[in-house]
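Input: a single structure, listed below in structure tokens.
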There are 2 protein chains.
Amino acid sequence: MNFNTNFNDIENNYLFAEVALRVKAYSEKNPDKKVLKLGIGDVTLPLVPAVIDALHKAVDEMSKQESFKGYGPYEGYDFLRTEILNYYNNFGVKLDLDEIFVSDGAKSDLGNILDIFSKDNVVLVPDPVYPVYVDTNLMAGRKIIYANATSDNGFLPMPDYSVNADIIYICSPNNPTGASYTKVQLKQWVDYANAKNAIILYDAAYECFIEDSNLARSVFEIKGAETCAIEFCSLSKIAGFTGTRCGYTVIPHALERDNLNANKTWLRRQSTKFNGVPYIVQKGAAAVFSKQGMQQIKQNLAYYKHNAKIISDCLDDCGVWYTGGKNSPYVWFKCPDGMSSWQFFDYLLENCQVVGTPGSGFGKNGEGFFRLTAFGSEEVTKEAATRLKKLLKR
Amino acid sequence: MNFNTNFNDIENNYLFAEVALRVKAYSEKNPDKKVLKLGIGDVTLPLVPAVIDALHKAVDEMSKQESFKGYGPYEGYDFLRTEILNYYNNFGVKLDLDEIFVSDGAKSDLGNILDIFSKDNVVLVPDPVYPVYVDTNLMAGRKIIYANATSDNGFLPMPDYSVNADIIYICSPNNPTGASYTKVQLKQWVDYANAKNAIILYDAAYECFIEDSNLARSVFEIKGAETCAIEFCSLSKIAGFTGTRCGYTVIPHALERDNLNANKTWLRRQSTKFNGVPYIVQKGAAAVFSKQGMQQIKQNLAYYKHNAKIISDCLDDCGVWYTGGKNSPYVWFKCPDGMSSWQFFDYLLENCQVVGTPGSGFGKNGEGFFRLTAFGSEEVTKEAATRLKKLLKR
């Protein structure tokens with residue numbers, strides 16, 4: 001027996017471990033200083049009452065023989081898929097119910113979807129990037145090429161027809177940069193993918209932060225996407241499901257190549273390697289999309305969006321270049337005075353006890369940049385912005 | 001872009017669809033006849049009160065900021081892993097906490113574990129077999145060879161040293177045959193695997209049905225298994241979690257080859273492609289292992305075991321050869337009068353309206369055999385046994 005030696009090619013990403021280590025060392029030396037953490041990508045507000053109520057009801061159903069649920073459909077219950085279908089209708093995207101697959105989160109499906117593709121495909125990922133896109137393909141031994149995301153293109157690289165890619169990752173609003181493609185820009189990617197016979201794996205995990213109408217909530221708002229794109233979305237950020245685990249993947253019927261149909265192939269993969277999302281969780285997820293649920297969720301989103309505004313207002317005030325902050329929970333900014341990402345991390349920690357994430361941890365083009373997130377409490381975010389302003393204006 | 005054309009090699013398994021079709025056609029022609037279904041592998045008893053209570057409490061925790069849980073550990077919460085560790089202690093297996101990975105079910109991990117192995121490995125599966133073992137390897141393009149399970153070996157094939165296998169699937173108590181390896185027999189498989197540098201993927205999903213002390217609850221009761229085996233288990237059958245989704249995978253630290261460590265490689269895989277099992281579900285799962293939970297679970301298991309006894313007593317009475325029935329929820333028996341599996345299916349449906357699963361659906365050696373399960377209600381099981389006895393003794 002041999003292991004898959006591709007695992008040897010995956011670098012261990014010590015980014016968050018190193019952040020934790022430096023914060024710990026600082027706090028031990030300076031026990032009197034209050035450290036403010038704005039580095040995390042995890043939500044902090046609890047589940048909303050409509051979801052809690054639905055979860056309790058579903059638990060009660062599981063306690064009685066007549067309403068108990070055993071194995072569910074691999075692709076998710078129709079009661080939830082119908083809610084997701086209606087959600088897409090809200091921004092003008094028409095789907096069939098069986099184009100929607102309920103998942104235990106975008107991360108699982110973004111990794112597992114690779115099962116349906118040939119190992120010979122060339123993968124195009126932006127740099128900087130969510131490390132999962134790279135590592136999942138390294139495991140499979142695929143060739144990876146990079147599209148440079150820099151301050152010159154606003155961290156939104158556009159297609160280059162001299163590059164031949166088979167699988168293209170797009171995350172918009174982007175993690176880690178918070179930058180979002182306009183519909184006009186996305187149309188160029190869709191046209192490129194169709195021209196190159198390529199496929200776009202579209203990570204829409206942060207779509208709920210979009211407010212500007214020129215930005216796309218879904219890649220399927222773009223004409224032609226149905227023949228070249230798969231979309232991954234999650235309830236983690238819209239409804240605080242990071243620990244409750246539910247998302248969905250949209251695969252259009254029209255997505256076909258070489259007599260294989262992506263939708264049917266994925267269903268085959270899921271029915272063989274997955275047994276669906278817990279009934280209880282799917283009931284909670286459906287409540288997110290109810291009228292009451294959406295009202296409650298919007299309050300939470302408004303809270304995080306306000307935090308993002310506090311941070312971006314601060315940077316505007318200081319004249320610092322950044323992406324995100326609007327239409328995104330992430331604010332990605334240029335480190336002042338030509339500092340490297342880690343130099344600035346230490347500078348920030350030492351001088352105002354604010355913790356963020358060094359951009360270099362997301363790829364070479366992240367060097368010299370820094371990420372703050374809107375998922376903390378308003379109180380901490382305000383205090384961090386005040387300290388940051390004082391430091392940057394010094 | 002090219003799809004993974006290995007998917008073309010996977011046959012569509014129409015077994016349960018065909019069963020449903022024939023039952024539907026019969027019921028439409030004979031609306032007055034009561035059809036008794038003993039074909040399902042799904043549980044029917046609701047979750048026990050201790051689990052329901054824990055689920056409610058966990059939902060309440062998710063409703064408050066101070067107890068809300070976001071992203072959890074990829075490998076599961078220690079509160080659950082500790083319970084699983086203690087459970088293994090009960091049958092004399094000592095584990096480290098980080099040898100236990102909490103999963104969303106044995107099926108997911110049995111499929112996903114293949115990510116850590118080379119594509120060049122030769123896979124040995126018994127025939128008949130749970131179709132997932134075959135299909136997951138076909139997807140990856142691995143060569144599959146078969147070990148014949150027949151009535152001659154009691155559907156428990158033993159190792160053949162002239163065969164070179166890299167990955168060996170063992171399911172004991174077996175799905176679909178209900179046959180269980182003794183510890184003495186398992187030791188032969190462990191010795192074979194260690195001699196051949198092979199790995200055993202041990203599916204212990206039905207271990208909770210084992211009562212005889214000469215049978216193993218875990219492959220790790222066998223000396224030497226820690227250098228050649230990975231064990232997959234599930235709460236689906238022990239606690240009715242088929243729709244609640246929780247299981248666990250045990251990978252010993254000692255399982256190493258070519259400088260790669262299986263435990264560390266799997267953690268790398270999971271941290272990249274998985275974000276853990278819902279907190280709420282893990283809390284419910286931990287309650288299964290509580291004193292109160294175990295008492296309640298045992299009542300449910302006794303109920304199913306009694307159903308299995310009703311079926312096997314009936315077959316004993318009729319002088320029919322079978323495996324399982326004891327130490328297993330499945331009863332696998334020889335179709336009378338040389339009938340094929342599907343002939344007997346139709347004969348049973350026509351003459352006594354009992355529905356089971358044709359053995360031929362699980363592989364060529366299943367031809368001429370038939371599976372009934374103990375997961376129905378006692379009432380239905382009793383009535384089915386009465387009808388079966390009347391027919392077989394005719």
Side-chain angles (χ1 to χ4, degrees), chain A residues 1-5 7-8 10 42-47 49 52 55-56 59 62-65 68-72 104-105 107-108 111-112 115-118 120-121 132 135-136 139 166-167 197-199 242-245 257-258 260 262 265 268-269 272-281, chain B residues 1-5 7-8 10 42-47 49 52 55-56 59 62-65 68-72 104-105 107-108 111-112 115-118 120-121 132 135-136 139 166-167 197-199 242-245 257-258 260 262 265 268-269 272-281:
Chain A
M1 185 277 296
N2 294 310
F3 281 112
N4 173 1
T5 51
F7 274 85
N8 291 326
I10 307 171
D42 200 355
V43 296
T44 50
L45 294 175
L47 298 180
I52 292 294
L55 290 168
H56 276 307
V59 171
M62 296 300 275
S63 73
K64 300 181 199 89
Q65 186 137 24
F68 173 76
K69 299 286 182 302
Y71 291 120
D104 65 327
K107 185 182 173 187
S108 301
N112 293 334
D115 281 3
I116 74 168
F117 299 113
S118 163
D120 303 324
N121 290 312
V132 159
D135 292 349
T136 51
M139 276 180 200
D166 299 304
I167 297 174
N197 196 31
I199 200 160
T242 51
T244 304
R245 314 300 318 137
R257 301 280 193 287
D258 310 325
L260 267 173
T265 309
R268 194 70 173 89
R269 191 275 173 204
T272 307
K273 291 195 180 182
F274 187 58
N275 250 334
V277 171
Y279 173 74
I280 298 166
V281 169
Chain B
M1 185 277 297
N2 294 310
F3 280 111
N4 173 1
T5 51
F7 274 86
N8 291 325
I10 306 171
D42 200 356
V43 297
T44 50
L45 293 175
L47 299 181
I52 293 293
L55 289 170
H56 276 307
V59 171
M62 296 300 273
S63 73
K64 299 181 199 89
Q65 186 138 22
F68 173 77
K69 299 286 183 301
Y71 291 119
D104 64 326
K107 184 182 174 188
S108 302
N112 293 334
D115 281 2
I116 75 168
F117 298 114
S118 162
D120 303 325
N121 290 312
V132 158
D135 292 348
T136 50
M139 275 179 202
D166 299 304
I167 298 175
N197 196 31
I199 199 159
T242 51
T244 304
R245 314 300 317 138
R257 301 280 193 286
D258 310 326
L260 266 172
T265 309
R268 194 69 174 88
R269 191 274 174 204
T272 307
K273 290 194 181 184
F274 188 57
N275 250 334
V277 171
Y279 173 75
I280 298 166
V281 169

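Sequence lines set the chain letters: A, B, ... in the order given, protein chains first and strands last, and positions in each chain run from 1.
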Checklist entry - Which bit of B/Asn197 comes within less than 4.5 Å of chain A, counting heavy atoms only: side chain, backbone, both or neither? => result both
Which answer fits [X], side chain, backbone, both or neither, if we ask what part of it has an atom under 4.5 Å from a heavy atom of chain B?
X: A/Phe7; value: side chain
X: A/Asp120; value: neither
X: A/Val281; value: side chain
X: A/Lys64; value: backbone

Using a cut-off of under 4.5 Å for heavy-atom pairs, which of [options] has the most such pairs with chain A?
options: B/Val59, B/Thr5, B/Ile10; answer: B/Val59
options: B/Thr136, B/Ile167, B/Val277, B/Ile280; answer: B/Thr136
options: B/His56, B/Lys69, B/Arg257; answer: B/His56

Hey, which of [options] has the most heavy atom pairs under 4.5 Å with chain B?
options: A/Ala198, A/Gly70, A/Gly72; value: A/Gly70
options: A/Gly105, A/Gly111, A/Ser108, A/Ser118; value: A/Ser118
options: A/Asp135, A/Val43, A/Ile116, A/Leu45; value: A/Ile116
options: A/Thr242, A/Thr244, A/Asp166, A/Val132; value: A/Thr242

Checklist entry - Where do B/Met139 and A/Arg269 come nearest, in terms of heavy atoms and distance? => result CE-CA, 3.7 Å
Measuring only between side-chain heavy atoms, which start at C-beta, is [X] closer than 4.5 Å to [Y]?
X: B/Leu260; Y: A/Asn8; value: yes
X: B/Phe68; Y: A/Thr44; value: no
X: A/Leu55; Y: B/Met62; value: no
X: B/Pro278; Y: A/Arg245; value: yes
X: B/Thr265; Y: A/Asn4; value: no

Next on the checklist: Applying side-chain contact (heavy atoms from CB on, under 4.5 Å) to A/Asn112 and B/Asn112, what does each step give before you reach the verdict?
Outcome noted: CA-CA 9 Å; A/Asn112 293 334; B/Asn112 293 334; 4.2 Å; yes
Item to check | Donor-acceptor pair, side chain of A/Lys107 and main chain of B/Phe274, under 3.5 angstrom | outcome: yes
Checklist outcome for this item: Output for pair (A/Asn2 CG, B/Ile199 CD1), nearest 0.5 Å, gives 11.0 Å
